[in-house]
Enquirer: 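Here it is, the structure in full.
By convention here, the first residue in the shown sequence is residue 1. Just so you know, these numbers use all the heavy atoms, side chains as well, and skip hydrogens, waters and symmetry mates.
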Amino acid sequence: MVVAAELLLDLLIIMGLQSHLYVFLPLRQELLKWNGWGYNDSKFIFNKKGQAEFTGKRYRLGGMVLPTFKEWMEKTFGASLDHKTTSRATLNVNDVPPSIVKEEFLQDLRAAKISYSQDAEDRVFRAHGHCLHEIFILREGMFKRVPDIVVWPVCHEDVVKIVELACKHNLCIIPFGGGTSVSSALECPEEEKRTIVSLDTSQMNRILWIDEKNLTACVEAGIVGQDLENQLAESGFCTGHEPDSMEFSSLGGWVATRASGMKKTIYGNIEDMVIHIKMVTPRGIVEKNCQVPRMSTGPDIHHFIMGSEGTLGVVTEVTIKIRPVPEYQKYGSVVFPNFERGVACLREVAKQRCAPASIRLVDNAQFQFGKYVDLLRQISLSKGFNLLLFKGFDPNILCVATLLFEGDREKVLQHEKQVYDIATKFGGLAAGEDNGQRGYMLTFVIAYLRDLGLDYYVIGESFETSVPWDRVLDLCRNVKERIVRECKEKGVQFAPLSTCRVTQTYDAGACVYFYFAFNYRGISDPIHVYEQIERAAREEILANGGSLSHHHGVGKLRKRWMKESISDVGLGMLRSVKEYVDPNNIFGNKNLL
């Protein structure tokens, strides 16, 4: 089954209007915040009564009043509604570094019918990802370097033209997908003197074909995750790849960062799902000669591409595995007496290879948060809570696992019983389907909290790692304790939030996600203090046997540890590939190396 090319695009090309195509398309900044996370119409606020609300109608939490959230903010951070910061409401274009682009390059773009913009808002919007320091800069200052021009290819051939022009004019290209990077990967190197071109893949968003016999689909790399799933669903299929950022992140970005999704247990990580990749480099096009499930032809070139983070070229098309949309879906949740029992249960579930599509364990601090934002309130308000107390569960120690089962209804019910039987052996008690769904949905709104925190002197961030099973507990404890200790030593006046959850499980280990935040009132340079603490936390992770990153990638933020992570020789191998594929450093974002 082949998806036809869009007639509108053909018409625009015939009319000679393709070079201004972006005028006819919704600009990202009209839909998304320019200095925060997510949609413009979705955010946490405090209303006139001092009660928290989540605005908009896009999420289940939308329109709800959260009467106890203020109490959580005050209790956790020492924050007060009386102490509010102010950020710039709009971008001052006079603060934006000027666009420096030679007219010869612009002439070549017009001749090639490539859409482009030198507008300040367009350039700033693509000058960053969503690291804390990037958002802080947008609220209070401006980047020293931003792209000089944004280009919008609409197909693979357009990317080939752009890369050829960049080589001809000796320009720097930084690919831009969904803009959700949390590794400083999209920041422009301040010392880059060449014209920086932000190559925005958002208009390369079509499913080119669906092969129902082989259960594969060829898709342009700029498509956003939720659009990919929605379009596939129209034909009865899905990829099952659901990263926390799936509303905004792109297929090409998943490939470039070796992404992982919440349902990886069934569907796999991105490296398990990819069949074929087409990438444009300064040396030419890289791709395999056939679309088969496996090849034994030396080192897999896909593994040079996946995780390359925009340093080698632009991924333009990806052939990915698809599956029929599951006929049945069921959420669940389990309460454990403590985090140790919960981890032991997840380990046993992984050992028996019966993990559901998603199984995630949150520690007590995250349980308390969920309770205060009304997402897990039924655990604490239901009659079953008295049973938890009777069973000896301490509300200040217990933890919760959320579950999602997918597939054939009969098999799901059998699978569910198997998992709950294992949980019982570790002291777990079923906590209901609604709580499981609330916990799963929390994933998509939790990122909005940082913007609210910044309004009240609270800064926070998340980071992740992977770790062997026998080191999960030590790593979680030691990293959380290190964060608390570092905050105290760095002069943070209020106790920080230091919390974690186990989000993905494997035969040999798990992915652990950390959140930490603190009230920075009284600190003159909060971002510097935060970066020192995060660096110490990363050192603690590595010292406890954790990885540099499980799925966020390296970017510029974590590349100082690359040699330690993959060895000097391993780093040299990556450099050799870079030097051959891109000898003039056209893709000069300075990630990884």
Side-chain angles (χ1 to χ4, degrees), residues 129 131-133 181-187 189 191 256-260 269-271 299-300 303-312 461-487 489-490 498 500 502-504 506 508-516 527-579 581-582 585 587-593:
C131 291
L132 173 64
H133 70 271
S181 164
V182 286
S183 64
S184 301
L186 292 171
E187 283 189 78
E191 65 276 15
T257 57
R258 292 180 61 87
S260 179
N269 294 317
I270 195 66
E271 65 269 22
D300 192 338
H303 289 282
F304 289 106
I305 298 171
M306 288 187 286
S308 58
E309 299 190 10
T311 60
L312 302 178
E461 187 65 285
S462 63
F463 53 92
E464 40 65 68
T465 186
S466 50
V467 60
W469 280 115
D470 63 350
R471 298 183 182 182
V472 169
L473 290 175
D474 286 343
L475 183 141
C476 290
R477 181 186 63 252
N478 292 342
V479 172
K480 289 193 288 187
E481 290 178 354
R482 180 72 179 270
I483 288 171
V484 172
R485 190 166 65 249
E486 290 287 332
C487 283
E489 292 176 0
K490 299 295 185 297
S498 180
C500 71
V502 179
T503 60
Q504 285 115 320
Y506 298 83
C511 170
V512 178
Y513 222 104
F514 291 92
Y515 292 92
F516 89 94
I527 295 302
H528 177 66
V529 171
Y530 158 77
E531 289 175 343
Q532 288 181 310
I533 296 169
E534 185 190 38
R535 194 173 304 148
R538 182 61 59 183
E539 295 280 5
E540 191 69 30
I541 285 173
L542 296 175
N544 281 269
S547 67
L548 184 56
S549 176
H550 172 262
H551 61 271
H552 280 172
V554 176
K556 291 178 273 293
L557 189 64
R558 289 176 275 273
K559 71 177 184 178
R560 73 178 70 221
W561 292 288
M562 276 292 284
K563 181 178 178 180
E564 177 182 349
S565 296
I566 65 172
S567 80
D568 190 31
V569 174
L571 194 59
M573 292 169 68
L574 295 184
R575 286 196 179 108
S576 295
V577 173
K578 168 70 173 176
E579 289 169 4
V581 172
D582 186 15
N585 196 29
F587 290 89
N589 58 23
K590 295 202 170 181
N591 294 337
L592 288 174
L593 306 175

Enquirer: Do the side chain of Glu486 and the main chain of Ala536 share a donor and acceptor less than 3.5 angstrom apart?
Expert: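 No; judged by distance alone, with no hydrogens or angles, the pair does not exist.
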
Enquirer: Does any non-hydrogen side-chain atom of His133 lie less than 4.5 Å from one of Tyr530?
Expert: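 No - every pair of side-chain heavy atoms lies 4.5 Å or more apart.
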
Enquirer: Identify the two heavy atoms, one from Leu132 and one from Glu461, that lie closest to each other, and give their separation to 0.1 Å.
Expert: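 Residues Leu132 and Glu461, closest heavy atoms: N-OE2, 2.8 Å.
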
Enquirer: Looking only at non-hydrogen atoms, find the nearest pair between Glu464 and Cys511 and report the distance.
Expert: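 That closest heavy-atom pairing would be CB-SG, 4.4 Å.
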
Enquirer: For atom NE2 of His528, is the number of surrounding heavy atoms from other residues, nucleotides or ligands below 6.0 Å larger than 12?
Expert: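 Count not over threshold, so no.
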
Enquirer: State, with a plain yes or no, whether a side-chain heavy atom of Ile566 is found less than 4.5 Å away from one of Met573.
Expert: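 Result no, sub-4.5 Å side-chain heavy-atom pair not found.
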
Enquirer: How long is the span from the SG atom in Cys487 to the CZ atom in Arg485, to the nearest 0.5 Å?
Expert: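 Output value for this atom pair is 11.0 Å.
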
Enquirer: For the ring-ring contact (aromatic ring centres under 6.0 Å, His included) test, which of Tyr506, Phe463, Phe514 pairs with His550?
Expert: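 In the set Tyr506, Phe463, Phe514, the residue that makes a ring-ring contact (aromatic ring centres under 6.0 Å, His included) with His550 is Tyr506.
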
Enquirer: Taking the side chain as every heavy atom from C-beta outward, state whether Ser466 and Val512 have any pair of such atoms under 4.5 Å apart.
Expert: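 No; the side chains remain at least 4.5 Å from each other.
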
Enquirer: Would you list the pairs meeting salt bridge (charged side-chain N to carboxylate O under 4.0 Å, His left out) in which at least one residue belongs to residues 539-560, sequence neighbours left out?
Expert: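 As it turns out, the salt bridge (charged side-chain N to carboxylate O under 4.0 Å, His left out) pairs with a partner in residues 539-560, which skip direct neighbours, are Arg482-Glu540.
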
Enquirer: For Gly307 and Leu592, which heavy atoms make the closest approach, and how far apart are they?
Expert: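 Reported closest heavy-atom pair: O-CD1, 3.4 Å.
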
Enquirer: Give a yes or no on whether the backbone of Leu312 and the side-chain of Asp582 come within a donor-acceptor separation of less than 3.5 Å.
Expert: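 No: the side chain of Asp582 does not pair with the backbone of Leu312.
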
Enquirer: Ignoring hydrogens, what is the shortest heavy-atom contact between Ser184 and Asn591? Give both atom names and the distance.
Expert: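 Answer, listing the atom of Ser184 first, then Asn591: O-OD1, 4.2 Å.
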
Enquirer: Is Glu531 paired with Arg538 through a side-chain N to carboxylate O contact shorter than 4.0 Å?
Expert: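 Not counted as a salt bridge, because no side-chain N and carboxylate O are separated by less than 4.0 Å.
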
Enquirer: Please assess Ser260 against Gln504 for the test side-chain hydrogen bond (donor to acceptor under 3.5 Å, both in side chains), listing each intermediate value before the final yes or no.
Expert: CA-CA 9 Å; Ser260 179; Gln504 285 115 320; 2.8 Å; yes

Enquirer: Do you know the tightest heavy-atom contact between Gly545 and Val467?
Expert: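 Where Gly545 meets Val467 most closely, the heavy atoms are O-CG2, 4.2 Å.
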
Enquirer: If you look at every heavy atom in Ile483 and Ala537, which pair is closest and at what distance?
Expert: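 Here Ile483 and Ala537 meet closest at CG1-CB, 4.0 Å.
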
Enquirer: Please round to the nearest 0.5 Å and tell me the distance separating atom CG of Leu557 and atom CG of Leu548.
Expert: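 Those atoms lie 9.5 Å apart.
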
Enquirer: According to side-chain contact (heavy atoms from CB on, under 4.5 Å), who are the partners of Leu186, at least two apart in sequence or on a separate chain?
Expert: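 Here the qualifying residues are Ile174, Phe176, Ser181.
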
Enquirer: Is there side-chain contact between Pro189 and Lys590, with at least one heavy-atom pair below 4.5 Å?
Expert: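 Answer yes - side chains close enough.
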
Enquirer: Going by salt bridge (charged side-chain N to carboxylate O under 4.0 Å, His left out), name the residues that satisfy it together with Asp474, two or more places apart in sequence or in a different chain.
Expert: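 Salt bridge (charged side-chain N to carboxylate O under 4.0 Å, His left out) check on Asp474 returns Arg477.
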
Enquirer: Quick one, Met562 and Leu593 - any side-chain contact, counting heavy atoms below 4.5 Å?
Expert: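 Met562 vs Leu593: side chains apart.
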
Enquirer: Do His551 and Tyr513 come close enough that some side-chain heavy atom pair is under 4.5 Å?
Expert: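 Counting from C-beta outward, His551 and Tyr513 do come under 4.5 Å.
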
Enquirer: Measure the shortest side-chain to side-chain distance between Lys563 and Leu571 over non-hydrogen atoms and say whether it is less than 4.5 angstrom.
Expert: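 A side-chain contact exists here, since the closest heavy-atom pair is under 4.5 Å.
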
Enquirer: Considering residues, nucleotides and ligands other than Lys480, do more than 12 of their heavy atoms fall under 6.0 Å from its NZ?
Expert: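 Count over threshold, so yes.
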
Enquirer: Would you check if Lys490 and Ile533 make a side-chain contact, meaning some heavy-atom pair closer than 4.5 Å?
Expert: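 Yes, close enough: below the 4.5 Å cut-off.
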
Enquirer: Whether the side chain of Asn269 engages the backbone of Glu271 through a donor-acceptor N/O pair (distance < 3.5 Å, no angle test) should be reported.
Expert: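 No, because the side chain of Asn269 does not come within donor-acceptor range (under 3.5 Å) of the backbone of Glu271.
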
